[in-house]
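I have placed the structure first, in the form of C-alpha cells, so that the comments after it can refer back to it.
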Amino acid sequence: MNASNERLDDLYKDVNRLVELAADLDDIQQELKTLSREHGKRSGYYSLTFAQKQVDKLVNGIQREINEVEGGTHELAQPTT
C-alpha cells in the first residue's frame with residue numbers, strides 16, 4: 001500500500017470514528033433532556049452542542065484532506081452528524 005492509500009485509510013477511519021462519536025453525543029444529549037424533563041428541569045446542554053459542532057468541524061476538515069489526497073475537486077458533503 002503506498003503512502004497516499006495509507007493516508008486515505010487513516011482519514012476514513014478518523015471520519016468514521018468522529019461520526020460514531022457524534023451519534024453518541026446526540027444519544028447522550030437526548031437522554032439528558034428526557035431525564036431532565038422527567039424531573040422538572042429544562043436545562044440546555046450547551047457543552048454537548050459545542051462538542052457536536054467541534055466534531056462537525058473536524059469531519060469537514062478531514063473531508064477536505066480526503067479530497068486533496070484523492071485529487072478531487074467536487075464540493076464537500078454536508079456534515080454527516
Side-chain angles (χ1 to χ4, degrees):
M1 190 183 278
N2 66 34
S4 69
N5 285 343
E6 289 178 21
R7 179 72 181 142
L8 274 175
D9 188 48
D10 289 343
L11 291 170
Y12 280 116
K13 284 178 185 176
D14 289 344
V15 166
N16 288 333
R17 286 179 29 216
L18 288 167
V19 168
E20 289 174 14
L21 177 61
D24 291 343
L25 286 170
D26 188 53
D27 290 345
I28 291 167
Q29 190 168 35
Q30 293 306 315
E31 188 67 24
L32 287 172
K33 285 180 183 178
T34 299
L35 289 169
S36 291
R37 288 181 182 144
E38 287 175 5
H39 296 281
K41 306 214 183 293
R42 293 192 178 270
S43 300
Y45 297 97
Y46 302 109
S47 62
L48 288 177
T49 301
F50 179 76
Q52 288 169 324
K53 288 179 182 181
Q54 292 300 103
V55 169
D56 288 346
K57 287 179 183 180
L58 283 169
V59 168
N60 285 333
I62 293 170
Q63 286 175 331
R64 277 191 286 282
E65 285 184 62
I66 288 170
N67 286 344
E68 289 173 11
V69 172
E70 289 180 336
T73 59
H74 56 280
E75 289 293 315
L76 290 177
Q78 292 297 315
T80 56
T81 58

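The chain is numbered in sequence order, starting from 1.
Partners of Asp10 by side-chain contact (heavy atoms from CB on, under 4.5 Å), not counting sequence neighbours: none found. Among residues two or more places apart in sequence or in another chain, the side-chain hydrogen bond (donor to acceptor under 3.5 Å, both in side chains) test is passed with Lys57 by none. Under the rule for a side-chain hydrogen bond (donor to acceptor under 3.5 Å, both in side chains), the partners of Glu65 that lie at least two apart in sequence or sit in another chain are Arg7. Under the rule for a salt bridge (Lys or Arg N to Asp or Glu O under 4.0 Å), Lys53 has no partner lying at least two apart in sequence or in another chain. In this structure Asp14 satisfies the side-chain hydrogen bond (donor to acceptor under 3.5 Å, both in side chains) test together with Arg17, sequence neighbours excluded. Residues passing the side-chain contact (heavy atoms from CB on, under 4.5 Å) test with Leu58, sequence neighbours excluded: Leu18. The side-chain contact (heavy atoms from CB on, under 4.5 Å) check on Glu31 picks up Leu35, with sequence neighbours excluded. In this structure, the side-chain contact (heavy atoms from CB on, under 4.5 Å) partners of Leu8, at least two apart in sequence or on a different chain, are Tyr12, Ile66, Val69, Glu70.
Gln30 CD to Leu48 CG: the interatomic distance, rounded to the nearest 0.5 Å, is 10.5 Å. Between Ile28 atom CD1 and Leu21 atom CG the span is 8.0 Å, to the nearest 0.5 Å. Annotation: the span from Leu32 atom CG to Asp27 atom CG amounts to 11.0 Å, rounded to 0.5 Å.
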